[in-house]
Amino acid sequence: MEEKCEDIISKMTVEEKVSFLVGIGMPGIFDNPPSKVDGVAGETHSIDRLKIPSVRLADGPAGLRIKPKREETGETYYATAFPIASMLASTWNKEVVERVGMAIGNETREYGVDILLAPALNIHRNPLCGRNFEYYSEDPVLSGEIAAAFVKGVQSQGVGACVKHFVANEQETGRMQIDTLVSQRALREIYLKAFEIVVRKAKPWSVMSAYNKLNGVYCSQNYWLLTEVLRKDWGFEGFVMTDWYAGDNPIEQIKAGNDMIMPGKAYQAIPFGRKDEVEEILKAVASGELKEQLLDQAVKNILRVLIKTPSFKNYAYSNKPNLTENAKISYEAGCEGVILLKNDMVLPISLDTKLAVFGTSQLETIKGGTGSGDTNPRYVINIIDGLKEAGLRIDEKLRVIYENYIEKMRQTEEYKIQQLPWGWPLIPLLPQDFLSDEDIERFASSNDMALLVISRTSGEGYDRKPEKGDFYLSDDEINLINRVSSRFHSQGKKVIVVLNIGGVIEIASWRDKIDAIVLLWQAGQETGKILGDILVGKVNPSGKLPTTFPKDYNDIPSKNFPGEPVNDPLTISYDEDIYVGYRYYDTFRVEPAYEFGYGLSYTTFRYDNLNVSSLNNSIKISFEIKNVGSFAGKEVAQVYIKAPLGKIGKPLQELKTFHKTKLLKPGEVEKIEVRLDLSDLRSFSGSDWILEKGEYELRVGSSSRDIRLRSRILLN
Ligand code: BGC
C-alpha cells in the first residue's frame, strides 16, 4: 500500500497534487454540476491519467443523507432514518450501535458513497446547542465508546467514517468564527477525550476539523491539534478534512496537518476575501512558502485511505440496500434508547385501554433534527399510527380534530412550513391549547387514559433559546397539560406525557401534574412503532440519560453560553472547565431534575457480589445483576470512580466504564466483568497526565445518583 501510494505520488504533477487536496465545490449547489450520487455533501477531484477516481462524501449521524429522488430517472434513493445520536447513546449498548453503524455503512456503500460524514461527538456542554441531537453525551467516555462502536460498524462495510467536529464545537452561534477558550485540562479530560477514545479504538478513516478557533487558532489551521495531538500523541493514520468552508487560510490548513479542504471553491459561499484554494496553494508552493514535501504528506495521508474506498475499487454499487432489514435495526436501536423518566403505576398499559391522544406531534411526529444531520427515509411512522399498530384503541374523533387543526394552521402565513437556504425545512411549533373545556371533558369521559405529546425541533445553524416554547414549555403547552390532567384525574384516569424532543427541556415544574413521562427522543423513521411497543410492554424501556436534565436553566454550569459579546459572540470561554454535566451537579451539590445515567424500567434489578482486584496496570471489577421484578428487562450498570483528595481538584465522581445486560428474565442473574486500566484514573495536570496516589472509591450504579455497590482500592 505504502509503495503503491509513493508510486502514484511520484507520478503526480504539483497541480494534480493540489487539486487532489481540494474538493470540487459543493455538488449541485451554485453553478457546480450535481454529483452522480445526487445530494452528497462533497466530492474529490479525479485524476483520470493516474486512474484516480473521484470519491464521494455524504452526511450523517442518523443515516445517509442523499437526495431521495433524481429528476432524470424518477427512481428513489431513500435511506433509513435511525434514532438521533443522543438516543443511540441512551441505549448504552455498543453492540446495537455497531449494528446501526453497519446498516448505515451498508447504505453508504450501496448508494455509491465512500465516506460517511459521521459520527459527530462534540460534548453536550450546554443544553441549548442546536446540534446536541447529533452529539452523544455530556460525558466523554460514553460519547467515545458509543462513537467507536458506530465507526467500527460503518467501516466494517468497506467505507470510511469521518469523526467530527474536532474539537470544542459545542454551539452553533458564531460557529464559523468563534474562538473557544478551553484549558488544557478540560480539553484533555473532556473535549479531546471522546475523540481520543474513537481514534485509538476504532481507527476512523478520517477526522473533520471544526469551524471554530481553539484558543486563538482555527481548528483547521491548528498544528498543535491536528499534528501534535491527533497524529503524534494518538497515532492517527487517516486524513483530516475541514468542515465545509471552515477557516480562512488554506495554506495554513495544509501546514497544520489538515490534509483536505472541503468542499472547495469557498469563494462561492463566502464571496468576500476568499480566493480559489487551488490557486492560493499553488502560489504558495511556487513561492516556497509551502514546501512540496508538505503537499506530498497530505496527498499521502488521503491516498492511503482513498485507495480502500469502493470508488477506487470500482465497486458496482447496487442502489438497492436492504431497507427492510435496516428498518428493523433502526427500530431495535430506538427501542433500547427510550427512557422512562416517571411511572406512577401507569405503564405498561393493556391493549384494551382507550386512549385520548393530545398534541399535534401525534401526527407531525419528529423523526430527527434538521440540517446536515437530517435524513430522507421512505416513511416515518408517526405516533398515532404507531399506537394503533401496537394494538391500542385510539379515540378517532380526537385524531380527526387534530388532523383538521394541523391542516388549517399550516396554511396560515405564521405557521406554514418554510424552506431554509440549502433546502432545510423550518416547521414552526403550533399552538397546542385549542380544545374547549367541554371537548376535553367529553374525551375524558369516553376514554380510559390521556397521552399528551410534547415536541421540539432543533437543527444545524442556530442554537435553542432558554425561553418558553423552547427550553421551557410554552404557556399553551402548560395550559393543555393542566386542563387535560385536571379533567382526566377528576375521573380517576391517568395522564402520560411523551417527549418527542432532540435535546434537554425543563420538566421539574410540571412533572407532578401527570403520571408518567416517556422520553421518546426523535427515534427516526420507526418513532411511532417504538413508542407503541414500549407503552404496551412488548418492549421494556432500558435507556438511560446520556445527559443531565437540570431543574432549571439557571442551574447549568456553562452560564456564559453562547459567549461574548452576547449579540454576536466572538469568544466563548469554557469557564466551568472540567465541571461539565454531572461532574458539576455532583461536585457542587446542585440537584438535577433527572441525573446522568437515570432511567426506569418495568422491572427492578438487584446488584450483588462486587469484587475488585488489581493486577499490574489493570483493575478487574466483577459483580452480579439479578432481575428481581416480574418483567423481563435489561439494565445498564455504570462504573464510576471517586478519586482521593490529591494535588488537583477532582469531580465527585467520573464514569469510567459501563455494561448493558442481556435481556434478563425475572429471577435471572448476569455475572458481569469489566476492566479498567490504571491510566483511566489519571488527570491532566500542567502538561501531562498524572496518577494521584491514595484510596479510590469504585462505585457501581444504576445511575450516577443511585450507586448500589462500592469498593475501595489503594494506589501507592
Ligand atoms: C456541517 C458538517 C457537515 C458538512 C457537510 C457542515 O455545515 O457542520 O457536519 O458534515 O456541513 O454537509
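From a predicted model like this one, the values you see are computed outputs, not experimental measurements. Quick note: numbers below take in every heavy atom, side chains included, and nothing from hydrogens, waters or symmetry partners. Order of appearance sets the numbers: ligands from 1, and atoms from 1 within every ligand.
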Distance under 6.0 Å and angle within 45° of the ring axis: does R125 meet both against F561?
no
Is the positively charged end of R109 above the ring of Y317, judged by distance under 6.0 angstrom from the centroid and angle within 45° of the axis?
no
Do the ring planes of W521 and F549 sit parallel (below 30°), tilted (30 to 60°) or perpendicular (above 60°)?
perpendicular
Once you measure the plane-to-plane angle for Y135 and H124, does it fall in the parallel (<30°), tilted (30-60°) or perpendicular (>60°) bin?
tilted
Sub-4.0 Å heavy-atom environment of ligand 1, residues by chain
A41, D59, R65, L117, R131, K164, H165, R175, M208, Y211, D243, W244, S372, E460
What is the distance from atom CD of E460 to atom CD of E172, rounded to the nearest 0.5 Å?
6.0 Å
With a 6.0 Å cut-off on ring centres, are W224 and Y218 close enough?
no
